[in-house]
There are 4 protein chains.
Amino acid sequence: MRPRDAEATKDRILMAAREEFALAGLGGARIDKIAAAADANKQMIYHYFGSKDGLFTAALEAEYAQFRAAEAALDLERLDPIEALIKQVTFTWRYYLDFPGFIGLVNSANLHKARHLETSADFQQINRPFLLRMRKIIARGVSSGQFRDDIDPVQLQITIAAGGYHYLNNRFTGTIVYERDLMSAKALRDRLAFNVKAILRLVCTPGTLAKMEKVSCTA
Amino acid sequence: MRPRDAEATKDRILMAAREEFALAGLGGARIDKIAAAADANKQMIYHYFGSKDGLFTAALEAEYAQFRAAEAALDLERLDPIEALIKQVTFTWRYYLDFPGFIGLVNSANLHKARHLETSADFQQINRPFLLRMRKIIARGVSSGQFRDDIDPVQLQITIAAGGYHYLNNRFTGTIVYERDLMSAKALRDRLAFNVKAILRLVCTPGTLAKMEKVSCTA
Amino acid sequence: MRPRDAEATKDRILMAAREEFALAGLGGARIDKIAAAADANKQMIYHYFGSKDGLFTAALEAEYAQFRAAEAALDLERLDPIEALIKQVTFTWRYYLDFPGFIGLVNSANLHKARHLETSADFQQINRPFLLRMRKIIARGVSSGQFRDDIDPVQLQITIAAGGYHYLNNRFTGTIVYERDLMSAKALRDRLAFNVKAILRLVCTPGTLAKMEKVSCTA
Amino acid sequence: MRPRDAEATKDRILMAAREEFALAGLGGARIDKIAAAADANKQMIYHYFGSKDGLFTAALEAEYAQFRAAEAALDLERLDPIEALIKQVTFTWRYYLDFPGFIGLVNSANLHKARHLETSADFQQINRPFLLRMRKIIARGVSSGQFRDDIDPVQLQITIAAGGYHYLNNRFTGTIVYERDLMSAKALRDRLAFNVKAILRLVCTPGTLAKMEKVSCTA
DNA sequence: TATGAATGAGTGTTCATTCAT
DNA sequence: AATGAATGAACACTCATTCAT
């Protein structure tokens, strides 16, 4: 007999849901499987989350909250703009790798036109700070002469995400299309290096790039 | 009474399937709905495609075949390397926009670990030519001194795709996260311009970039 | 509102299944019909029995278990060997008549090469005692000089069953082929008498038979 | 292109139907499979036999006709009554073994209460001669003093059939129940011998039996 | 005579959800 | 808080049968 710990049960359900939704999508996920994986009763899911969609919304929010929390912990404000940029690219990549559920859940959310986030009031508040940080980094880089002044933070952020997200999201078809193992340790290292390179060449001024290339040829 | 045209029926089913699978995913798609949309009998689906998975495989292959055919029609070989690159980026973007089903189907395929393509013998043959073309463009750009020599064609191709695919795939969550309409005409124009810019800065040598920026500020 | 009694629901399903399977065979039986007859929900069948085949296996095992239990209750050990034999023949015949589902289920099981019993571990244990009893009766009859010593218990048992089973199993074609109502009360009485006669003449020694025929002409 | 031979097509369908119905039962048989096995078009089945039930009726009648024809060829009239009886038992057993489809079809017919034979006008005519022959054999045996005079031909015929039919029909459950391979060459030989023994002891007078046992111990 | 396309009613099975305790 | 029984709508898939040529 498990102790009647409401919060713990809710948490176990949420963790199980994040995994199942990520693996199978919203439509493919099974309430029974989530309940079993959470070692909980099916009715508990309805008690705590109301419905399958409610559970998906909660899972999605939790996924984003964790991502943003990890991002906030990077403390990019104290770094040199270029280092901050590199760190952001690296972090994003690593996070996708370490928490593959994120991509799965976001995909599912978009398949359903993000309707699960429409009613979520505090969702935007979770995301706001991270854009502000990016904005500040760019501003600092521009005023220091390291960054070009034609970089839109939103476009940059999307591009940073894209380089990792798309590679990993489509790793299965990609492996076949490109006839190359995209998930070997070396392939992953190469991809990160390429992403960093692409972002730096996009953002940095020619002079800064020239200096950097004298120092290292990897970037 | 419709004429008894096997090929036509098969085609109508395939078209309906591509749309339904793209919109709802493999799991969410309904055989009944596809049959109704194709104005065909459900059994015809099983007669021609064997199963839901068989139909999905056929839809996916058709989707890729169409994409590669359109790509081949670009005739990039005859263009200047830089123009070829720009055209490739532009084409990819426009294709995703014009045929949104492609992204949906590829996503679904990856959600199922691309198992639908494993048995497809001729799938790789469909994709091979397009990588060869990219390889040649890069080689020409490098030998003409326009392109840097550290660009892996596969990484470049993935990056070109990523800039468009990821933006459009996640347009719904993106619209909320970035608090910005990502699908307005202007937003779409901006995104394409940004993608082109990112790719050129990644690939072109500093000298080439400098010359280009004197001429036009859009790139 | 029916009380929520799992065991009762399971039992009702099993009873309905035995009847439906016996009447229509495994292939011809309809899950819907069984559910309706059991006044239960279709899903309950899958909840308790897993599948149509699982339900069939359960029905078949229940059918055999009931048969063997009734047989064990005969208490043949305490009877004279000849009386035990007669009682066994009579019981078998009456059981087939009273529970016509047995024949139907066994036929279906054999149509499917008894694959439903292959995994059933305890099925042989249900059947073992009854063969042991037959063996003992024969042994007693042989040592008392009443029975011949060339009777294999298995062959005898099959022959006892055959005389009733085949007559009843094929009563419909038989009625047409023999142009005679095989199911009238008199016909049934006659058949039992004939079966008893056939078994006794097969098993008993000539001397024993001679004595018996002086007493009664029916045997 | 096959030559348009109506009779041949019809025959191939009928042969395929007999096999499929025997193996799978009426309900389990598939029109598609029969058509494929007959290397014929599905529509041909409906053209020649009207419906699945019509085809089953035809298959069943053909099965019986073949059985009775083989039986008639035995020419029992010219044999000694005892030899005729032995030959009849042996023939029946061998026929069941050589044409296992017979048992399958008859079982299916009885599962459906022989409704497929109700309309069949000439079915009884096919069966009548064989009963007459049996009647004559018994009469000859009685008047020669070899046979007892209390043997009903119908009961005897059913019993002769039962000993083989039931053994073979239930060979799958039997193998499990009796924990013995019922289908090995030796088992089949033993069964036939047992059946012959049972019938002779049932039918022959004690004196005749005594004489026979001096000569041979197999009967 | 023969063919393959087409149909609609079903068939076993699954699923999210609710009820009763 | 927690459980297991119960529900009904749907789902992928099948089948005997008919149509058009």
Side-chain angles (χ1 to χ4, degrees), chain A residues 1-10 27-35 40-48 50-55, chain B residues 1-10 27-35 39-55, chain C residues 1-10 27-35 39-55, chain D residues 1-10 27-35 40-48 50-55:
Chain A
M1 183 70 62
R2 189 198 328 296
R4 300 185 156 215
D5 184 336
E7 210 53 41
T9 301
K10 207 174 159 181
R30 297 293 161 241
I31 289 283
D32 278 275
K33 210 175 162 190
I34 293 172
N41 189 278
K42 235 188 330 181
Q43 178 63 11
M44 290 292 92
I45 292 177
Y46 290 90
H47 184 248
Y48 287 122
S51 68
K52 194 188 187 183
D53 283 290
L55 179 58
Chain B
M1 186 68 58
R2 189 197 329 295
R4 303 187 149 231
D5 185 338
E7 211 53 42
T9 301
K10 207 174 160 181
R30 296 293 159 243
I31 290 283
D32 279 277
K33 212 174 160 191
I34 292 172
D39 200 12
N41 189 280
K42 227 187 339 178
Q43 172 60 5
M44 290 292 93
I45 293 178
Y46 291 91
H47 185 249
Y48 288 122
F49 300 98
S51 67
K52 193 186 187 184
D53 282 290
L55 179 57
Chain C
M1 185 69 58
R2 190 196 333 294
R4 301 185 150 231
D5 185 337
E7 210 54 42
T9 301
K10 208 175 159 180
R30 296 293 160 242
I31 290 283
D32 279 277
K33 212 174 160 191
I34 293 172
D39 200 12
N41 190 280
K42 228 185 341 175
Q43 172 61 8
M44 289 291 94
I45 292 177
Y46 290 90
H47 186 249
Y48 288 121
F49 301 98
S51 67
K52 193 187 188 184
D53 282 292
L55 179 57
Chain D
M1 182 69 62
R2 188 196 332 294
R4 298 184 157 215
D5 185 337
E7 211 52 43
T9 301
K10 206 174 160 182
R30 298 291 161 243
I31 289 284
D32 278 275
K33 212 174 160 190
I34 293 171
N41 189 278
K42 234 188 332 180
Q43 179 63 12
M44 288 295 93
I45 292 177
Y46 290 91
H47 183 248
Y48 287 120
S51 67
K52 193 187 187 184
D53 282 290
L55 179 57

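Chain letters run A, B, ... following the sequence lines, proteins first and then strands; every chain starts at 1. Just so it is clear, the values below take in all heavy atoms, side chains as well, and ignore hydrogens, waters and symmetry mates.
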Approximate separation, where rounding is to 0.5 Å, of C:K52 NZ and C:Y46 OH: 8.0 Å
- line: Rounded to whole Å, CG of B:N41 lies from P of F:dT18 at a distance of 15 Å
message: Let me confirm one number: the CD1-CG distance from D:I34 to D:L55, rounded to the nearest 0.5 Å.
response: 5.0 Å
query: Mind checking what makes side-chain contact (heavy atoms from CB on, under 4.5 Å) contact with A:Y48, not counting sequence neighbours?
result: A:A6, A:T9, A:K10, A:I13, A:M44
- prompt: Closest to the B:I31 side chain: E:dG8, E:dT18, F:dA12?
  reply: F:dA12
message: Show the nearest heavy-atom pair for residues C:S51 and C:G54, with the distance to one decimal.
response: OG-N, 3.0 Å
query: Does C:T9 have a side-chain nitrogen or oxygen under 4.0 Å from the phosphate oxygens OP1 or OP2 of F:dA6?
result: yes
task: Please name all residues satisfying salt bridge (Lys or Arg N to Asp or Glu O under 4.0 Å) with D:K42, sequence neighbours left out, ordered by chain then number.
output: D:D32
message: Take N1-N3 plus N6-O4 or O6-N4 for Watson-Crick, N1-O2 plus O6-N3 for G-U, both under 3.5 Å. Which runs of 3 or more such pairs involve DNA chain E?
response: E:2-21 with F:2-21
- prompt: Among residues 44-53 of chain B, which residues get a heavy atom nearer than 4.0 Å to DNA chain F?
  reply: B:Y46, B:S51, B:K52
Interatomic distance, C:K42 NZ vs F:dA9 C1' [rounded to whole Å]: 10 Å
message: Which nucleotide wins on minimum distance to the side chain of C:D32, given the candidates E:dG12, F:dT14, F:dT7?
response: E:dG12
query: NE2 of B:H47 to CG of B:N41: how many Å apart, nearest 0.5 Å?
result: 11.5 Å
Distance test, side-chain N/O of A:R30 to OP1/OP2 of E:dA16, below 4.0 Å: yes
query: Can you tell me how far C1' of E:dG4 sits from CD of B:Q43, to the nearest Å?
result: 13 Å
message: Base, sugar-phosphate or nothing for D:A29? Non-hydrogen atoms, less than 4.0 Å.
response: sugar-phosphate
